[in-house]
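First the structure, in the form of structure tokens, and then the observations on it.
Numbers restart at 1 for each chain; the letters A, B, ... are given by sequence-line order, proteins then strands. All values below were derived from every heavy atom in this structure, side-chain atoms included, with hydrogens, water molecules and symmetry-related copies excluded.
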Number of protein chains: 2
Amino acid sequence: MAGDRLSATLFALADPTRRGMLARLAQGDATVSELAEPYDMSLAAISKHLKVLEGVGLVSRGREAQWRPRHLEAEPLKDVWAWLDDYRRFWDRSLDMLGRHLETMKQAGPENSDR
Amino acid sequence: MAGDRLSATLFALADPTRRGMLARLAQGDATVSELAEPYDMSLAAISKHLKVLEGVGLVSRGREAQWRPRHLEAEPLKDVWAWLDDYRRFWDRSLDMLGRHLETMKQAGPENSDR
DNA sequence: CCTGTATTCAACCTAATAGTTATCAACCAA
DNA sequence: TTGGTTGATAACTATTAGGTTGAATACAGG
């Protein structure tokens, strides 16, 4: 995958297993075994997936006895959002139109709502 | 890459060349040669990148004489946005606090707003 | 110290990516 | 029909992704 941060982040997200692990972590920190539980896959494979996520800063690891609980770090998702936001106008016509509508109403004043 | 649509879309986006081509298309339709121009890469390679983008529906092709002008189709980005939106609260603290606030108000009932 | 639990690391395999060059096809224009 | 331009396809190659198994490490408890 390419060297820039955004590419690496998107690449990390482009795998359902890794997204699943993020979803799990969104509900709270979890150990590797807990994260592995839903998947029919060796722990080593899970460990690798986690390394990818850690590599782009989406996950951090703590330590507690022999466990290395993982924590979600969503900050890199900001970059994804920022990129995506530039394209919003292309996919959400109605939102665009709603935006214009609200702008229009704002300019017209609250006393002038349609219906 | 995995079979699901979202994974494929994210994968397609996880390449700076492909994102660059989308950025170019965001300014208007373009031929393959025009899309290739900024890159030090064979046309065949560009063609392949385009095929990836077309494969996930991010780009469509028209025809005009010997040209196959490409067009941006941003609809698949909706899915990305929808996925991302679930994580917004993790990076946007203030929005999170607003969310909690709204939850609190909802639980308390409308008659019981603070202040 | 020994054992069990949790996790990582190393070596290996296979399939897919991302690039190459060379060939082919479609179209316009003379 | 012969070119010239535009683009797609095929065949090949190197690298990486993502999985495996088996050994190594780190820690807690008896």
Side-chain angles (χ1 to χ4, degrees), chain A residues 1-25 28-72, chain B residues 1-22 24-25 28-73:
Chain A
M1 78 217 76
D4 65 296
R5 205 171 145 55
L6 179 56
S7 295
T9 301
L10 287 165
F11 178 83
L13 296 176
D15 181 290
T17 303
R18 288 194 289 259
R19 286 200 311 281
M21 297 194 297
L22 291 181
R24 169 64 189 78
L25 289 174
D29 295 1
T31 67
V32 175
S33 315
E34 282 167 346
L35 288 166
E37 189 269 327
Y39 304 102
D40 185 21
M41 196 182 295
S42 70
L43 267 176
I46 295 291
S47 211
K48 277 192 191 179
H49 278 304
L50 283 170
K51 214 154 76 169
V52 173
L53 291 170
E54 286 159 29
V56 299
L58 279 166
V59 162
S60 60
R61 69 169 86 179
R63 47 174 31 194
E64 198 177 319
Q66 67 259 230
W67 296 275
R68 302 292 128 81
R70 297 319 207 271
H71 180 78
L72 177 64
Chain B
M1 77 221 77
D4 66 295
R5 208 171 142 54
L6 179 55
S7 295
T9 301
L10 287 165
F11 178 83
L13 296 176
D15 182 289
T17 303
R18 289 194 287 262
R19 286 201 309 283
M21 296 194 296
L22 292 182
R24 170 62 188 77
L25 290 174
D29 294 1
T31 67
V32 176
S33 314
E34 283 168 346
L35 288 166
E37 188 269 326
Y39 303 102
D40 184 22
M41 195 181 296
S42 69
L43 266 178
I46 296 292
S47 212
K48 278 193 191 177
H49 278 305
L50 283 170
K51 213 153 79 170
V52 172
L53 292 170
E54 286 160 28
V56 299
L58 279 166
V59 162
S60 59
R61 71 169 84 180
R63 47 175 29 198
E64 197 177 321
Q66 68 260 229
W67 297 275
R68 301 294 127 81
R70 297 316 207 273
H71 180 77
L72 177 64
E73 302 285 350

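Distance CD1 (A:I46) to P (C:dC9): 15 Å, rounded to an integer number of Å. In this entry the distance linking CE of A:M21 with P of D:dG18 reads 11 Å, nearest Å. Taking atom CD of residue A:E64 and atom P of nucleotide D:dA26, one finds them 19 Å apart after rounding to whole Å. B:K51 places its NZ atom 12 Å from the P atom of C:dT17, with the value rounded to the nearest Å. If you measure from atom NZ of A:K48 to atom C1' of C:dA10, you get 9 Å, rounded to the nearest angstrom.
For B:A45, whose side chain is taken as the heavy atoms from C-beta onward, the closest listed nucleotide among D:dC27, C:dT17, C:dG19 is C:dG19. Among the nucleotides D:dT20, D:dG18, C:dG19, the one closest to any side-chain atom of A:M41 is D:dT20. Here the side chain of B:F11 is nearest to one of C:dT20, C:dT17, D:dC27, namely C:dT17.
A close approach under 4.0 Å does not occur between any side-chain nitrogen or oxygen of B:H49 and OP1 or OP2 of C:dT17. For C:dA26, the OP1/OP2 oxygens have no side-chain nitrogen or oxygen of B:R63 closer than 4.0 Å. Proximity of A:S42 to the phosphate of D:dT20: a side-chain N or O atom is located under 4.0 Å from OP1 or OP2.
In this structure, the side chains of A:L58 and A:V52 stay at 4.5 Å or more apart for every pair of heavy atoms. A 4.5 Å side-chain heavy-atom check between A:V32 and A:R61 finds every atom pair outside the cut-off.
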Protein-nucleotides 5-8 of chain C N/O pairs under 3.5 Å:
{"unit_1": "C:dT7", "atom_1": "OP1", "unit_2": "A:V32", "atom_2": "N", "d": "3.4"}
{"unit_1": "C:dT7", "atom_1": "OP2", "unit_2": "A:S33", "atom_2": "N", "d": "2.9"}
{"unit_1": "C:dT7", "atom_1": "OP2", "unit_2": "A:S33", "atom_2": "OG", "d": "2.2"}
{"unit_1": "C:dT8", "atom_1": "OP1", "unit_2": "A:R61", "atom_2": "NH1", "d": "3.0"}
{"unit_1": "C:dT8", "atom_1": "OP1", "unit_2": "A:R70", "atom_2": "NH1", "d": "3.4"}
{"unit_1": "C:dT8", "atom_1": "OP1", "unit_2": "A:R70", "atom_2": "NH2", "d": "2.7"}
{"unit_1": "C:dT8", "atom_1": "OP2", "unit_2": "A:S47", "atom_2": "OG", "d": "2.8"}

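Side chain of B:R18 to main chain of B:F11: a donor-acceptor pair is present (N/O by atom type, distance under 3.5 Å, no hydrogens or angles). In this structure a side-chain-to-backbone donor-acceptor pair under 3.5 Å is present from B:R19 to B:L13. Side-chain atoms of B:R70 come within 3.5 Å of backbone N or O of B:R68 as a donor-acceptor pair.
Residues A:Y39 and A:I46 come closest through the heavy atom pair CD1-CD1, 4.0 Å. A:W67 approaches A:T31 most closely through the heavy-atom pair CD1-CG2, 3.6 Å.
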